[in-house]
Amino acid sequence: MTTGTRADVAATWQVPRRWFTPRRVVLVAAVAVVAQLTVRAFVLASGNFYWDDLILIGRGSVYPLFSGDLLLYDHDGHFMPAAFFVAALTTKIAPLHWFLPALTILVMQAAASLAVLRVLFKILGRTPMVLLPLAFYLFCPLTVPSFAWWAAALNSLPLQFGLAWVAGDAIESARTGRRRYAVTGAIVTAASLLFFEKSVLVPFFAFGVLLVMFGVRHAWNRAAPLWISCISIVAVWGIVFAVVGQGRFAFHGWRTSIELVHHGLSFGLLPTLLGGPWTWERWPPSGPWASPPTVLVLAAWTALAGVVIVSIRRRRGGAVWVGVLGYVAASSVVMVLARSGPDTADELAQTLRHVADSAVVITVGWALVLRRRTGNYPVWAAAVVLFVVSSVISTVAFVDKWRDDPAPAFLAQARQSLADGQGAALLDQPISSWILTPIAYPNNSIAQIFAAVPERPQFAESTPDLRYLDESGHLVPAVVAPVRGIEQGPESGCGYRVERRTRIPLDGPLADWAWTVQLNYFATADGDIRLELDTGDSVPVPVTEGLHTVYVRLVGSGAAVTVTPETPGMTVCVGAGPVGTVMLADLN
């Protein structure tokens, strides 16, 4: 297959010869990358931690950097040890400070953008044509939602870097035969897999690029060392993933699947190819989703049809666009199988996160088509300007919705409240459901999320002073809202006398959950007891001589609370008291 010379490619452009200097092309490309990073820095400055970020922060706070509990944790079907490591490292350095995570996102984006520029140079040379697909990748709103969200960026950006870098290594390996490209390509493939399991597609995409450029036989033979090393890495990774991962793939019917794919293409991906969607919608606490006007949706489908027709009639790029469509289709299938359900909203597909890496594939596909394409420079330049302007409008509109997030104000107030409330120990509790819903249990625990914050009360399983972190982040007095209770015991003036292990019945059974026991007691001496439900772990509780109240958090179920004294010679009398959940005290 002939690939054409770079001089022939440059000659197709009707611009003054002086603008063809490679140095100027590199300079304009560098300026474009800096402009992208400036826009993206604006996006990050308008955001903060969101949703899954707090799960990564919490686990990074309570587990050592190299522990299996941290690195091998299956996060909602994702196997992402490197992402957990980065999140844990930044949390230990600057817990719950947005600056450092934002900086990691910006650095990863710079690496991905430069990797894309690198592969474009290898396909098109240092010609002005590079600037067309480069501008698409740098400013396309398709990648903005996954970029703005730290947890998503830790998946998406290493994948984007891997797709571009390994494709570039494959091209150089085929052209030069140097083994070092097999080494670097394999290392990047392995690193990408440690951030996101979807990176298993990286070597297949790189092979597809060589397939278009050199044909079937040369695509394999000229880069065989790279393919062998990548296949070995993917095989080893696959074994680990099969042991550690807990894939949640399920098919929920054709109607649900077709609706998701339709929404993802018509209202999600396709409008971004024209710089859309221009407008976004959001139902907090969910993230923004694309909500393009009908005219933009129709224009996007028309443009797609035009590209397909021209490609077929001129026999240019047909195979490339088939490959691009195949990649997008594979991403859509994974989304449908992994994220859909009977109650899944179609807007899920419009969040764009599940197809963000398609931006690299489309960019490289466009570059492959442009290798043998003629064009009119003023027309292309005008199209690029319009696309960038449209994309910036969409990005600014996204930021306006992304700012509507309760997490920053909550976290700031909570840190201040915890710093001011360093008195009695604080019982663990779920964080506000506006910040992280109960489905994240047990990772929605405030003891886990704020574990690395230095100025705070000690988190414990019992406390004499019951307090509650409310939905605005204030630490306020609390009470036990009764679900069940300990009734008055049989011994007058004492209730239940505890001198040895004693099972104290409740007035009804408790389901398996995290409960708070208000233990009203009289102790003959300072000492320790242990409390437990019929199921679940026992909890050590310090008691003080005299008449007191202590609040104890027990996880489990049953119809009784068992009290075991651990201090010899101490007697504890247990009176009536509620068992239930923590709620705000009525201060009126």
Side-chain angles (χ1 to χ4, degrees), residues 47 50-56 74-78 80 140-157 159-160 196-198 201 246-273 276-294 296-297 300 327-359 394 397-398 401-402 404-407 433-440 443-444:
Y50 171 72
W51 214 258
D52 286 12
D53 296 349
L54 298 178
I55 297 177
L56 271 63
D74 181 276
H75 175 54
D76 199 20
H78 293 307
M80 40 190 269
C140 183
L142 177 59
T143 60
V144 171
S146 63
F147 167 87
W149 184 3
W150 188 34
L154 288 170
N155 290 155
S156 181
L157 289 173
L159 170 56
Q160 293 175 42
F196 191 19
E197 66 276 358
K198 193 178 178 181
L201 296 175
Q246 299 175 12
R248 297 174 177 85
F249 294 104
F251 181 67
H252 295 280
W254 287 107
R255 182 175 180 179
T256 298
S257 302
I258 291 172
E259 282 294 314
L260 273 176
V261 172
H262 165 61
H263 277 254
L265 289 177
S266 296
F267 307 116
L269 189 149
L270 289 182
T272 67
L273 305 186
W278 300 340
T279 57
W280 306 78
E281 296 294 339
R282 187 178 192 183
W283 296 333
S286 66
W289 65 82
S291 182
T294 303
L296 183 59
V297 175
Y327 190 95
V328 173
S331 298
S332 299
V333 168
V334 171
M335 175 191 67
V336 167
L337 295 179
R339 292 291 176 260
S340 69
D343 300 316
T344 299
D346 294 331
E347 286 78 11
L348 169 73
Q350 295 166 231
T351 60
L352 304 179
R353 296 191 305 271
H354 303 94
V355 291
D357 46 292
S358 299
S394 295
F398 174 86
K401 293 294 183 182
W402 187 239
D404 185 17
D405 180 12
S433 58
W434 288 101
I435 308 301
L436 195 60
T437 59
I439 61 172
N443 294 309
N444 62 337

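All of these numbers come straight from a predicted model, not from anything done at the bench.
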I need the [X] [atom1] to [Y] [atom2] distance, nearest 0.5 Å.
X: Asp76; Y: Ile439; atom1: CG; atom2: CD1; result: 8.0 Å
X: Phe196; Y: Met80; atom1: CZ; atom2: CE; result: 9.0 Å
X: Leu260; Y: Gln350; atom1: CG; atom2: CD; result: 9.5 Å
X: Ile435; Y: Tyr50; atom1: CD1; atom2: OH; result: 10.5 Å
X: Ser146; Y: Leu157; atom1: OG; atom2: CG; result: 6.5 Å

With sequence neighbours left out, the residues meeting side-chain contact (heavy atoms from CB on, under 4.5 Å) with Ala397 are Trp280
With sequence neighbours left out, the residues meeting side-chain contact (heavy atoms from CB on, under 4.5 Å) with Ser331 are Lys198, Tyr327, Val355, Asp357, Ser358
Start with the C-alpha gap between Asp405 and Arg282, add the side-chain angles, then the distance that decides, and say whether side chain to side chain contact (heavy atoms under 4.5 Å, CB included) holds. CA-CA 10 Å; Asp405 180 12; Arg282 187 178 192 183; 4.1 Å; yes
Residues at least two apart in sequence or cross-chain that pass side-chain hydrogen bond (donor to acceptor under 3.5 Å, both in side chains) with Thr143, listed by chain then number, are Arg40
Contacts of Asp52 meeting side-chain hydrogen bond (donor to acceptor under 3.5 Å, both in side chains) (sequence neighbours excluded), chain-then-number -> His75
Give the minimum heavy-atom separation between [X] and [Y], together with the two atoms involved.
X: Leu436; Y: Asn443; answer: CD2-O, 3.7 Å
X: Phe398; Y: Ala148; answer: CE2-CB, 3.7 Å
X: Pro406; Y: Trp434; answer: CG-O, 3.7 Å
X: Cys140; Y: Thr272; answer: SG-O, 3.5 Å
X: Pro292; Y: Pro271; answer: CG-CG, 3.8 Å
X: Glu197; Y: Gly77; answer: OE2-O, 4.0 Å

Across all chains, not counting sequence neighbours, the ring pair (Phe, Tyr, Trp, His ring centres under 6.0 Å) partners of Trp278 are none
The ring pair (Phe, Tyr, Trp, His ring centres under 6.0 Å) partners of Phe267 (sequence neighbours excluded) come to His262, His263
Original post:
Is there a side-chain contact between Pro145 and Pro288, using heavy atoms and a 4.5 Å cut-off?
Top reply: no
- Query: What do the steps show when you test Leu348 against His354 for side chain to side chain contact (heavy atoms under 4.5 Å, CB included), and what is the final call?
  - Reply: CA-CA 9 Å; Leu348 169 73; His354 303 94; 3.6 Å; yes
